[in-house]
Amino acid sequence: MSERASVPKEDEQTETEADEEQAPVTTGAQSVVRALENAGAEYIFGVQGGAIMPVYDALYDSDITHVTMAHEQGASHAADAYGIVSGEPGVCFATSGPGATNLVTGIADANMDSDPMIALTGQVPTEFVGNDAFQETDTVGITQPVTKESYFASHSDTVGDDVSEAFALADAGRQGPTLVDLPKDITQGETDVEPKAPETPDTYEVPEEADDEAVQEAAEALSDAERPVILAGGGVIKANASNALREFATEYEIPVITTMPGIGSFPEDHELSLEWAGMHGTGYANLAITNTDCMLAIGTRFDDRLTGGVDSFAPDADIIHVDIDPAEISKNIYADHPLIGDARQVLRQLFDAMPRAPDADEWREQCQTWKAEYPMSYDTPDDEPLKPQYVVEHFSDVTDDDTIVCTGVGQHQMWASQFWEYTEPRTWVSSHGLGTMGYGVPAAIGAKLAAPDQEVVCFDGDGSFLMTVQGLSVAVREQLDITYVVLNNEAVGMVRQWQDGFYEGRRMASEYPWIPQFDKLAEAFGAAGFRLEDYENVEETIAAARDYDGPSVIDAHIDPGENVFPMVPSGGDNGLFALNEDHLDEI
């Protein structure tokens, strides 16, 4: 048949087009699902329950894929990670009462890290709200402090619009979580109203470009600097500004430091990279912060784990602060040059406004000297147990640059961020501001579904892994090729490290000598389990776990006495970092 003959007339429909035509909306629940479809949602992470059941029933005929999680907290973490990797809001469902409250940890996590996510929760019928009905909680009241906006759906005709607006708001400007609480009578109620397209409220304004005069003044200050640095935060990645950052830094030859959430925004193998700064950041990054005379900070909220003592943070520097959220300007660190706008747009403005490159040859040499003096290194004595840094570093060496690394929270998180070489954005998925143990297992599920063609490795600690280990059942059921690595020191290692360093070695409730055999536990879930105890088997074990087509768990028994260094004591001076336990006592 010729190409022309295969084209139907304008008043004809092909069978495929007829099949794809959407059925009319008849209930509030169908309006909710239609709003998600219109917004482009591909996955929903959730757990069924009574009050949310009408929405699940409407989801039955949808093309959106639902992933049943083993716990609602896991649903919110998976949705969070999906948003980090994809850049689009992740979606999670839960029922009323305990279902909704179990989501709160993940919602708060997404809020602290500005991750795009929308949570939809069932609620008791409106006539029972406030009567302490079965499985009732004030979900909106609970979540308002940790969302960009929480909505209570009040009518079947408008519930779809509520979802559309919440989805748009989660993605707009400074990204973050939103929530829509769905009373059962509203989702069961009749309506024929199609939801609006996703749009933010009329009152919500997102700044794009910074003020031109302010940009020019900032560019002059940066050009005049003798010791300039760029501090790239997580907002660089959220704004898809990594390429703009690389172009700006290389054109004007300015050393780049990242925050921990900003890992991957600038390639760590680049000669201008000083990697990440803060409590456990590199010594050379922290020295550069302490000695800079002009800092271009982009998309960072200057949290305490980055700054240490506020008075000692970049004490001699003019601060140029680029942020899309005016509330962050001068909140923690005073901004001499505030530039409010989208990071990518403002970087382009600065690129064009720079009158010249800073005269900073000596400064760049000094930064390289610091890198040589304070390398990220570790010892591997034959008479000591396996070092966790070695495991992380070997994994980094044998995997592709676009491999996604997820973690829980603790010492393992620090080693994964220190000894893996990150060169691409959206390849580091972790809990920063809230510091949520248990984040890693479900986050890896969300990350893998967001990027099915990329390898996903999750580093976890034994304490963190135990908190959400039930998520392995989801990874097995969904046949997700994820490698979990438990850096097992039979302790909540970071707590133990602080107890040894600051509490005279009183190890109260931090040691876990009763943990299970994680390789055997993995097999019980249907995953592949591997046990790793010495250097000789590292290469072979990692290869076998990666080759397994499905989820695998490496129970890596590491040196229980190994600690994370460098370390800036809480509230300390970034330039006075400890390199070992003895040094910690001296500062």
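Heavy-atom basis, side chains included; hydrogens, waters and symmetry copies ignored. Bear in mind that the values here come from a model prediction, so they are computed numbers and not experimental data.
Ser431 contributes no side-chain N or O that, together with a main-chain N or O of Val409, makes up a donor-acceptor pair within less than 3.5 Å. For His337 (side chain) and Val322 (main-chain N/O), no donor-acceptor pair under 3.5 Å exists by modelled atom type. For the pair Thr200 (side chain) and Leu169 (backbone), a donor-acceptor distance under 3.5 Å is absent. Formation of a donor-acceptor pair under 3.5 Å by the Gln499 side chain with backbone atoms of Met508 is found in this model. Side chain of Asp293 to backbone of Asp316: no donor-acceptor contact under 3.5 angstrom is found. Glu455 places no side-chain N or O within donor-acceptor distance of the main-chain N or O of Thr403, the cut-off being under 3.5 Å. Within the 3.5 Å criterion, the main-chain N or O of Ser273 finds a donor-acceptor partner in the side chain of Lys371. Side chain of Ser464 to main chain of Gly438: a donor-acceptor pair is present (N/O by atom type, distance under 3.5 Å, no hydrogens or angles). The backbone N or O of Ala244 lies less than 3.5 Å from no partner atom in the side chain of Arg348, so there is not a single donor-acceptor pair.
Defined by atom type and a distance below 3.5 Å, a donor-acceptor pair is present between the side-chain atoms of Tyr378 and Glu393. Under the 3.5 Å distance criterion, with hydrogens and angles disregarded, a donor-acceptor pair is assigned to the side chains of Thr143 and Ser150.
Between Tyr374 and Asn286, every side-chain heavy-atom pair lies at or beyond the 4.5 Å cut-off. Proximity of Met414 to Thr407: side-chain heavy atoms (C-beta onward) are nowhere separated by under 4.5 Å. Looking at Val215 and Leu350, their side chains come closer than 4.5 Å, going by heavy atoms from C-beta outward. Side-chain contact between Glu149 and Glu165 is absent, with no heavy atoms from C-beta onward closer than 4.5 Å. Side-chain contact between Leu103 and Thr139 is absent, with no heavy atoms from C-beta onward closer than 4.5 Å. Within the 4.5 Å cutoff, the side chain of Met376 has heavy atoms near those of the Pro566 side chain.
Between atom CG of residue Leu584 and atom CZ of residue Phe502 there is a gap of 4.5 Å, rounded to the nearest 0.5 Å. Rounding to the nearest 0.5 Å places OH of Tyr204 at 3.0 Å from NZ of Lys148. Here OG of Ser242 is found 8.0 Å from CZ of Arg426. Values are rounded to the nearest 0.5 Å. Residue Gln411 holds its CD atom at 9.5 Å from CG of Leu487, rounded to the nearest 0.5 Å. Atoms CD and CD1, on Gln454 and Ile404 in that order, are 4.0 Å from each other to the nearest 0.5 Å. Taking CG of Asp311 as the start and CD1 of Ile333 as the end, the distance is 8.5 Å to the nearest 0.5 Å.
Annotation: Glu271, atom CD; neighbour count of heavy atoms from other residues, nucleotides and ligands within 6.0 Å does not exceed 12. Around the CG atom of Asp269, the shell of radius 6.0 Å holds more than 12 heavy atoms that belong to other residues, nucleotides or ligands. By the neighbour-count criterion of 12 heavy atoms within 6.0 Å, atom CD of Glu373 is densely surrounded, having more than that number from other residues, nucleotides or ligands. The environment of Glu251 atom CD is dense: over 12 non-hydrogen atoms of other residues, nucleotides or ligands sit within 6.0 angstrom. Counting heavy atoms of neighbouring residues, nucleotides and ligands inside a 6.0 Å radius, atom CG of Asp359 does not exceed 12 of them.
Looking at His394, Glu562, Gln418 one by one, the single match for side-chain hydrogen bond (donor to acceptor under 3.5 Å, both in side chains) with Gln389 turns out to be Glu562.
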task: Kindly determine whether Glu275 and Thr282 satisfy side-chain hydrogen bond (donor to acceptor under 3.5 Å, both in side chains), including the steps that lead there.
output: CA-CA 7 Å; Glu275 298 165 55; Thr282 66; 5.7 Å; no

field: From CA spacing to verdict: side-chain contact (heavy atoms from CB on, under 4.5 Å), Arg246, Phe266
entry: CA-CA 6 Å; Arg246 296 179 198 192; Phe266 191 81; 3.9 Å; yes

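Arg174 is linked by a salt bridge (Lys or Arg N to Asp or Glu O under 4.0 Å) to Asp325, Glu328, counting only residues two or more places apart in sequence or in another chain. With sequence neighbours excluded, the residues satisfying side chain to side chain donor-acceptor pair (under 3.5 Å) with Asp559 are Lys387. Looking at residues two or more places apart in sequence or on another chain, you find a side-chain contact (heavy atoms from CB on, under 4.5 Å) between Asp212 and Gln349. Every residue two or more places apart in sequence or in another chain that forms a salt bridge (Lys or Arg N to Asp or Glu O under 4.0 Å) with Arg496 is listed here: Asp500.
Aromatic ring orientation, Tyr43 versus Phe45: parallel (interplanar angle below 30°, classes split at 30° and 60°). Using cut-offs of 30° and 60° on the angle between ring planes, the pair Trp420 and Phe395 is parallel.
Here side chain to side chain donor-acceptor pair (under 3.5 Å) pairs that include residues 215-225, with residues two or more places apart or in two chains, are Asp224-Arg356. For residues 100-116, the salt bridge (Lys or Arg N to Asp or Glu O under 4.0 Å) pairs, not counting sequence neighbours, are Asp115-Lys238.
Listed here is the closest heavy atom pair of Cys406 and Ala444: SG-CA, 3.7 Å.
Under the 6.0 Å cut-off for aromatic ring centres, Phe577 and Phe565 do not qualify, their centroids lying 6.0 Å or more apart. In this structure, the ring of Phe419 has its center no less than 6.0 angstrom from the ring center of Trp415. Checked against the 6.0 Å centroid criterion, the rings of Trp363 and Trp370 qualify as a close aromatic pair.
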